[in-house]
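Inspection log for the structure reproduced underneath, given as structure tokens.
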Amino acid sequence: ATAQIGVTGLAVMGSNIARNFARHGYTVALHNRSVAKTDALLAEHGTDGEFVRTETIEEFVGALEKPRRVLIMVKAGEATDAVIEELAAVMEPGDIIIDGGNALYTDTIRREAAMAARGLNFVGAGISGGEEGALNGPAIMPGGPKESYESLGPLLESISAKVDGVPCCTHIGPDGSGHFVKMVHNGIEYADMQLIGEAYHLLRDALGASAGEIAEVFTQWNSGELESYLVEITAQVLAQVDAKTGEPLVDVIVDAAEQKGTGRWTVKSALDLGIPVTGIAEAVFARALSGSRAQRKAAHGLAAGTLAEKPSDAVQFTEDIRRALYASKIVAYAQGFDQIAAGSTEYNWGLRPGDLATIWRGGCIIRARFLDRIKDAYEADPLLQSLILAPYFRAAIEESVDSWRRVVSTAVQLGIPVPAFASSLAYYDALRAERLPAALTQGQRDFFGAHTYERVDAEGHYHTLWSGDRSEVRTD
Ligand code: 6PG
């Protein structure tokens, strides 16, 4: 047994992670259901480092030093269960199985418990950064038993991205917490992408800018507080010219966004936890709407109304959009961090939001300059009520709020859909409101269902005898 780590599932992500380990000096045992993929990897990249070629699961497990560490990189769902079962049958107590796919965190909770009962350590690890990140340094979010991190942590940290010398990998918490956090990361990714999309839509349709011009705008934005991987690649996608037609590539791509499920999971979980992740939810719904091609075709041509007045000052409006994007992005992250806090309470995970901000600074898809600020905010106050209350973010939003309102109202007048901008602003306004119409909701609930309400001036629950003499009774 010579290998420090084994990787099974050698599609692009698995291959690249295996190569990343090998490039860091680890001997990597390789396994894939069809050995052709293993051989292809060895033929193309065998010189990256030390690999052990294996064909059967027994051979694969036998190639590993103890405690054995196996990283599974197969499709989330049934395929993962099948591989876990095969591995568990030949592994021994104390060995570690790591699931590096985008597993649903509740599956990870279930799997961790089942493996623990058999004496095996199961680590659900969120891995972000796409193909490039997998090879050159992803962000890694491993959950599972803390003891397993002692043996596994140094390997994962060494292949992860680094920011200021700090690895973008840390032990997240017990059982499903790593995959939960990765799920919320993806939800934030959805919100971020939707917000960028809305900014692009406004620049294009409210200001009439070309794709190439908008690429320039994003390049410029990327040198300021919006600096991030997603803004950077947006500029590159917009600048790309289609070889076949000579048109901007973005104009020949079908405008129906797909999704593999992590954004949807985030929203479902947020609904269960009672956390308003409005930016993420709007992003998921916007993708769904874009994909309703038949409905959109049928509705095309419906009247927009006649209020349309284009912004007169393009420079000012571009700056307004930049600020609206920043403010809405802060809201999306604030909501995501609220969900993480709620998940942590629900499952007793003891998650540390500052740690997440730290490891998301590099490697992952949502890496951004302002994560440094989020890290600072949680360092200054680990019990922060909401990210938007941290002094830096509060000031950033207050400086942007007029721009934000101008952008949303202009978009509404022009008939340009900005669901994420608008819902983020509505969230901000609701959160800061002294009184909300929820008081009326409570009155209505009490009227039709005797659901009771609380009073602002006294303890307890009350009910008005709506169908009687309308006097009030205390119900507890
Ligand atoms: C990452 C990404 C990745 C995700 C893709 C596609 O962190 O590297 O989040 O895990 O699978 O972004 O997601 P959708 O197909 O749902 O857009």
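The analysis underlying the following values was restricted to heavy atoms, covering all of them including side chains, and did not include hydrogens, waters or symmetry mates. Counting starts at 1 for both ligands and their atoms, in listed order. None of the values given here were measured: they were computed from a predicted structure.
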Plane angle bin for Y428 and W404 - parallel if under 30°, tilted between 30 and 60°, otherwise perpendicular: tilted
Output field: ring centroids Y392/F370 closer than 6.0 Å: no
For V412, side-chain contact (heavy atoms from CB on, under 4.5 Å) partners two or more places apart: V408
Ring geometry between W349 and Y347 (parallel below 30°, tilted from 30 to 60°, perpendicular above 60°): parallel
Ring-ring centroid check Y378 W360, cutoff 6.0 Å: no
Q220 side chain to E216 side chain, donor-acceptor N/O pair below 3.5 angstrom: no
N/O pairs closer than 3.5 Å, ligand 1 and protein:
residue  : atom   : partner : partner atom : Å
ligand 1 : 7 (O)  : S128    : OG           : 2.4
ligand 1 : 7 (O)  : K182    : NZ           : 3.2
ligand 1 : 8 (O)  : S128    : OG           : 3.4
ligand 1 : 8 (O)  : G129    : N            : 2.9
ligand 1 : 8 (O)  : G130    : N            : 3.2
ligand 1 : 9 (O)  : N186    : OD1          : 2.9
ligand 1 : 9 (O)  : N186    : ND2          : 3.1
ligand 1 : 9 (O)  : E189    : OE1          : 2.7
ligand 1 : 9 (O)  : E189    : OE2          : 3.3
ligand 1 : 10 (O) : N102    : ND2          : 2.9
ligand 1 : 10 (O) : K182    : NZ           : 2.8
ligand 1 : 11 (O) : N102    : ND2          : 3.3
ligand 1 : 12 (O) : E189    : OE2          : 2.6
ligand 1 : 15 (O) : K260    : N            : 3.3
ligand 1 : 15 (O) : K260    : NZ           : 3.3
ligand 1 : 16 (O) : Y190    : OH           : 2.5
ligand 1 : 16 (O) : K260    : N            : 2.9
ligand 1 : 17 (O) : R287    : NH1          : 2.8

